[in-house]
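Worksheet: the structure to be examined is printed underneath.
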Amino acid sequence: METTLARLNELLSIVESSGKVLQASLAEHAKDNTASGVADRLDLPFHADPETANHAATLRVVAERLAQLVTPPRHVVFEAAGSFYITLCLHTMLKADVATLIEDIDPSGVPTTILAQKAGLDSDMLPRMLRHLATKGIFQETQPGVWANTVASKTIAHCPEFCAHLDLCMYEGTLVLPHWPEFLAARASDVQPAPSSPFAIYSNGEAFYKWVHSGVPAAAGRGANFNTAMRGMADTEGVAFLPADYSFASLDPGTKIIDVGGGLGSLPELVLPEASHLKFMVQDLAPVIKQAAEIGACKKWVDQGTVQFIEQDCFEPQPDEAKGGNVFVLKTMLHNYPDSKATEILKHVRAAEPSALLVIDRAIVPVLRTQATSPEEEKALYDFLRKDGTQSLQAPTMYDLGMAALHGGRVRSLSEWTALLDATGFKLNRVFRMRASTGQAVLECVPV
Ligand SMILES: C[S@@+](CC[C@H](N)C(=O)[O-])C[C@H]1O[C@@H](n2cnc3c(N)ncnc32)[C@H](O)[C@@H]1O
């Protein structure tokens, strides 16, 4: 009882202190700078400045722990056991574009019968599924049988890029779900060679990026969805704050950035408005470069010669025009690979003699104890949290499993990053945490 009381007191005291910071920031209203423009556009009232963003992140973790403290422990576990129903309900609403229908028909609320008819969904199951999602703050029942969006569900209305990102998470994630038991059993035994991922079992060894562009019936449209998803990912992950969290503007005029596996050019799109003195070479696989040309990605800058898209396999040596004194970027690339493959990519980058390397990726902070066994220890846990702040690990750990599922990749901790960089001729200089992200940071590295 004493320990529970100590935990409750610590949690409530942080709710009060961090809550005051958030109240003050709302009352003050954000100043007019790049970050506050992004915060407004993304509907993130607590992320215009990094300190408030840190308090918001801490408060989220504390609120989750408070909810766990007051919930019967068996219910915590039982609700986790059924969490796949959330995926099922969300994917159903996404495919029927229910959030967009609500916005278009009547944002103040749409009766079940009309919504079911427009969505082509059963009028008995639709409200039952929406009600379950409402427990997560996604959709709301404004009066019995009348449905409106919430701030969260509005993000999937009229937003094909974010929807593509969610679809990637749910479609490909559940596609390989049946293969996890075989994958885990093979990894736990001495079967050689062990399958690299559940996806490799599903695809008979075809790598995910080859499969999405392969044209086999099951992959129809998945390559285009993936590339659109990568653009949506920028908003999902608050990546638009990147130029505010890392000063690209302070790089020397004329610096060329080589964006390895850069997709459809989301990085230059973010950075060039804030740092027009930079040049970009975006490298990716042939189908992606083709799609970039088809959709006119970064067209204004391509026409000016500021951005160049080139076909380049990251497992091949860099071309001459990328060599010597350029800044290489690997943005959410290396998480797709186990250490052996990531090492190959980094060695090719190192051989191109870059002036610097920016790894923009997730870095898991070590998992720390969340519950102690005496009031004194509880206080120590929360003193530490007050001093260092904290971030939710929900998204980074989910990503880690997603990377394992599709690629045999991983989300690395800072010490794992340091070891990988050391082994490939780089030194990790500084870490810039990215606010409102899913645990991402810019790891600034120099060649040694
Ligand atoms: C997770 S996405 C990241 C895209 C982009 N960097 C971003 O952050 O939006 C990984 C990218 O690597 C590309 N890719 C996969 N295999 C590759 C290879 N062998 N060589 C170059 N790019 C590759 C994919 O096509 C995809 O665009």
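Both counts, for ligands and for their atoms, begin at 1 and track the order of listing.
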[X] heavy atoms, cut-off 4.0 Å: which ligand 1 atoms fall inside?
X	answer
Gly263	27 (O)
Gln312	20 (N), 21 (C)
Asn336	1 (C), 10 (C)
Phe315	19 (N)

Heavy-atom nearest neighbour in the protein, as seen from [atom], with distance rounded to 0.1 Å:
atom	value
atom 16 (N) of ligand 1	Tyr337 OH, 3.3 Å
atom 10 (C) of ligand 1	Tyr209 OH, 3.3 Å
atom 20 (N) of ligand 1	Cys314 N, 2.9 Å
atom 1 (C) of ligand 1	Thr332 O, 3.1 Å
atom 12 (O) of ligand 1	Met333 SD, 3.1 Å
atom 19 (N) of ligand 1	Asp313 OD1, 3.0 Å
atom 2 (S) of ligand 1	Met230 SD, 3.4 Å
atom 5 (C) of ligand 1	Gly261 O, 3.3 Å

Can you label the angle between the Phe162 ring and the His165 ring as parallel, tilted or perpendicular, going by 30° and 60°?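 Ring orientation of Phe162 relative to His165: tilted.
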
Phe315 six-ring face occupied by Lys341 cation (under 6.0 Å, within 45°):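 Here Lys341 passes the 6.0 Å and 45° test against Phe315.
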
For ligand 1, indicate whether the residue [X] contacts it via side chain, backbone, both or neither (heavy-atom separation under 4.0 Å).
X	value
Ser266	side chain
Val288	side chain
Leu267	neither
Phe208	neither

For the 3.5 Å polar cut-off, considering only N or O atoms, please tell me whether [X] and ligand 1 meet it.
X	answer
Asp284	yes
Phe226	no
Asp259	no
His213	no

Can you tell me how far the CG atom of Leu420 sits from the OH atom of Tyr337, to the nearest 0.5 Å?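 Output value for this atom pair is 13.5 Å.
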
Has Gln283 got any heavy atom lying under 4.0 angstrom from an atom of ligand 1?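 Contact absent.
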
Kindly say whether the aromatic ring centers of Tyr246 and Phe248 come within a distance under 6.0 Å.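 Centroid separation for Tyr246 and Phe248: below 6.0 Å.
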
How about His55 and Phe46: are their ring centroids closer than 6.0 Å?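 For His55 and Phe46, the ring centres are not under 6.0 Å apart.
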
Have His91 and Asp167 got a donor and an acceptor in their side chains that come within less than 3.5 Å?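 Their side chains do contain a donor-acceptor pair, which is all the 3.5 Å distance test asks for.
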
Can Asp400 and His335 be counted as having a side-chain donor-acceptor contact under 3.5 angstrom?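 No pair is found: no donor N or O on one side chain lies under 3.5 Å from an acceptor on the other.
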
With a 4.0 Å cut-off on N to O distance, would you call [X] and [Y] a salt bridge?
X	Y	value
Asp361	Lys331	no
Arg412	Asp339	yes
Glu237	Arg362	yes
Asp284	Lys290	no

Is it the case that the side chain of Ser276 and the backbone of Pro273 share a donor-acceptor pair, with hydrogens and angles ignored and the cut-off at 3.5 Å?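 Flag not set: sc Ser276 to bb Pro273 has no pair under 3.5 Å.
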
Using a 3.5 Å distance criterion without hydrogens, assess whether the side chain of Arg435 forms a donor-acceptor pair with backbone atoms of His47.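 Such a contact is found between Arg435 side chain and His47 backbone.
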
